[in-house]
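Reading through the structure tokens given below for one structure.
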Amino acid sequence: MRAASNIADKIAAVLQAELDKADSEGTQFLATQLARHRIELKDGLKTLLTKAKTDVKFAPAVVAAIYRSGSFSTDALPLLSTAATSKESSSELRNQAIVALLKSSNADAFKAA
């Protein structure tokens with residue numbers, strides 16, 4: 001079992017490194033594939049959130065990742081709130097942001113929803 005764990009850790013490290021250095025298109029692709037295969041990297045959501053703060057193109061990938069994971073740090077609250085209320089957000093993005101906010105036990109998240 002230990003060998004399998006080491007392999008999984010190595011794969012996760014490679015995926016995280018690729019996510020860290022990916023451009024907008026690559027990040028979207030990796031975020032979609034990670035979600036599709038239900039792979040949660042230790043720092044994956046943190047990386048996506050950091051990228052979304054500097055480039056709004058990453059916001060849909062972050063919201064989708066949070067929506068699928070069902071949990072998020074309070075750092076993600078402004079992004080989710082904006083995605084949920086912005087007229088520029090697609091209906092799918094708004095719905096995912098609202099559902100993610102409602103799944104949280106955080107009172108501020110509930111207010112934002």
Side-chain angles (χ1 to χ4, degrees):
M1 273 317 237
R2 185 158 157 71
S5 177
N6 286 339
I7 292 170
D9 290 344
K10 288 179 183 178
I11 292 170
V14 168
L15 289 172
Q16 183 66 52
E18 289 300 314
L19 184 61
D20 290 342
K21 68 180 182 181
D23 62 5
S24 180
E25 187 177 314
T27 299
Q28 292 286 358
F29 174 78
L30 284 170
T32 300
Q33 294 306 311
L34 291 170
R36 179 176 168 218
H37 296 287
R38 297 184 180 147
I39 299 169
E40 289 188 31
L41 301 175
K42 180 180 172 188
D43 293 326
L45 192 53
K46 182 179 175 182
T47 300
L48 290 173
L49 187 57
T50 299
K51 288 185 176 201
K53 287 179 181 178
T54 58
D55 188 346
V56 294
K57 290 186 248 178
F58 295 113
V62 178
V63 172
I66 293 169
Y67 170 77
R68 287 182 185 98
S69 76
S71 64
F72 59 92
S73 68
T74 55
D75 293 348
L77 202 52
L79 176 72
L80 289 171
S81 297
T82 300
T85 59
S86 175
K87 293 179 185 198
E88 296 167 4
S89 296
S90 68
S91 59
E92 180 182 9
L93 183 63
R94 277 195 305 275
N95 289 336
Q96 287 179 340
I98 291 168
V99 169
L101 287 164
L102 291 173
K103 285 181 181 179
S104 174
S105 60
N106 182 309
D108 291 333
F110 186 75
K111 288 177 189 174

Kindly give the heavy-atom pair with the smallest separation between K57 and Q28, and that separation in Å. O-NE2, 2.6 Å
With rounding to the nearest 0.5 angstrom, report the CG to OG distance, L80 to S104. 9.0 Å
Side-chain donor-acceptor pairs of residues 38-51 under 3.5 Å, sequence neighbours excluded:
from	atom 1	to	atom 2	distance (Å)
T47	OG1	Q16	NE2	2.8
T47	OG1	D20	OD1	3.1
T47	OG1	D43	O	2.9
T50	OG1	K46	O	2.9
K51	NZ	L19	O	2.7
K51	NZ	A22	O	2.7
K51	NZ	T27	OG1	3.0

Side-chain donor-acceptor pairs under 3.5 Å in residues 92-103, sequence neighbours left out?
from	atom 1	to	atom 2	distance (Å)
R94	NH1	S89	O	2.4
N95	ND2	S91	O	3.2
K103	NZ	Y67	O	3.3

Any link between L15 and I7 through a network of hydrophobic side chains (Ile, Leu, Val, Met, Phe, Trp, Tyr) touching at under 4.5 Å? yes
